[in-house]
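Contents: one structure, followed by commentary.
These numbers were taken from a predicted model, which means no experiment stands behind them. Atom set for the values below is all heavy atoms of this structure, side chains included, hydrogens, waters and symmetry mates excluded.
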Amino acid sequence: MIDHLDADLIDITSFNRCLAGLGMEPVVSQNEFAGKINDVTNYHLNWMNERNAMEERCSKMQADSNNYLNIMDRLQGELEAVKRELTAAGEKERQTRVKNKHLTTKLKQEEDEVRRLTVMMEHKQDHFNHEVRKKERESLQHKERLCKKIMEKKVEKGG
């Protein structure tokens, strides 16, 4: 019986050290020992439940984190695609502006050429009209002279 009591005291002593490590009151008797065993078992079960809950939260947080990283990667890809599209659109706009400037310059040159040709045509038309009037006057003068000559010849023959 003494050996059994010594063993129980050693167990209680070891157990008290564990309780002290856990911040619990030490036990004195065998009854307290059994009660504390229940308390420690409950404490351990609660701790395991909390640990499992924390592991689940941690696992969920890890899954959420992975999901967020995947979303970030997808959005980063979309952002890069939009940037490429913007760059392409900017380049297309620049090329269009250059082409527009070129066409505007060409249009101005064509308009200048049309003006120049119009002025030249008007000048030629004026010159042509002047020449036609001159020829008409000359023709009229020739007709008058011819008529005069014919009249003179009639007068000479008839007279």
Reported NZ-to-SG distance for the pair Lys154 and Cys147, which is rounded to 0.5 angstrom: 9.5 Å
message: Quick one, Arg51 with Glu55, criterion salt bridge (charged side-chain N to carboxylate O under 4.0 Å, His left out). Give me CA distance, side-chain angles, the key distance, then yes/no.
response: CA-CA 6 Å; Arg51 180 175 176 223; Glu55 285 176 352; 3.3 Å; yes
field: Distance (rounded to the nearest 0.5 Å) between His44 NE2 and Asn49 CG
entry: 9.5 Å
query: For the side chain of Thr104 and the backbone of Asn100, is there at least one donor-acceptor N/O pair under 3.5 Å apart?
result: yes
- prompt: Hey, are Arg74 and Glu78 close enough for a salt bridge, meaning a charged N less than 4.0 Å from a carboxylate O?
  reply: yes
message: Parallel, tilted or perpendicular, judged at 30° and 60°: which one describes the rings of His123 and His127?
response: parallel
query: Around Met48, counting heavy atoms of other residues, nucleotides and ligands shown, do more than 12 lie under 6.0 Å from its CE?
result: yes
task: Inspect the contact between Glu93 and Arg97 and indicate whether a charged nitrogen and a carboxylate oxygen are less than 4.0 angstrom apart.
output: yes
statement: Separation between CG (Leu103) and NZ (Lys99), nearest 0.5 Å, reads 6.5 Å
query: Does the pair Val98 and His102 meet the rule for a side chain to side chain contact (heavy atoms under 4.5 Å, CB included), with working shown?
result: CA-CA 6 Å; Val98 167; His102 173 72; 5.5 Å; no
- request: Before accepting this row, confirm whether a basic side-chain N of the pair Glu144/Lys148 lies closer than 4.0 Å to the acidic partner's carboxylate O.
  value: no
- prompt: So do Arg57 and Met54 actually touch side chain to side chain, heavy atoms under 4.5 Å?
  reply: yes
task: Report yes if the side chains of Gln76 and Met72 come closer than 4.5 Å at any heavy-atom pair, otherwise no.
output: no
query: Going by an N to O cut-off under 4.0 Å, is there a salt bridge joining Asp112 and Arg116?
result: no
query: If we ignore angles and hydrogens, is there a donor and acceptor under 3.5 Å between the side chains of Asn52 and Glu56?
result: no
task: Before accepting this row, confirm whether a basic side-chain N of the pair Lys108/Glu111 lies closer than 4.0 Å to the acidic partner's carboxylate O.
output: no
message: Please report the interatomic distance CD(Gln62) to CG(Asn67), rounded to the nearest 0.5 Å.
response: 11.5 Å
- prompt: Can you check whether Glu80 reaches Lys83 side chain to side chain, under 4.5 Å on heavy atoms?
  reply: yes
message: Are there over 12 heavy-atom neighbours, none belonging to Met151, within less than 6.0 Å of that residue's CE?
response: no
query: If you round to the nearest 0.5 Å, how far is SG of Cys58 from CE of Met61?
result: 7.5 Å
field: Min side-chain heavy-atom separation Gln141-Arg145 under 4.5 Å
entry: yes
- request: Output all residues satisfying side-chain hydrogen bond (donor to acceptor under 3.5 Å, both in side chains) with Gln109, sequence neighbours left out; order by chain, then residue number.
  value: none
- prompt: Any donor and acceptor pair, going by atom type alone, linking the side chain of Thr96 with main-chain N or O of Lys92 inside 3.5 Å?
  reply: yes
query: How many angstroms lie between atom CG of Leu107 and atom CD of Glu110, to the nearest 0.5 angstrom?
result: 8.0 Å
message: Tell me whether Arg133 is salt-bridged to Glu136, with the criterion being a basic N under 4.0 Å from an acidic carboxylate O.
response: no
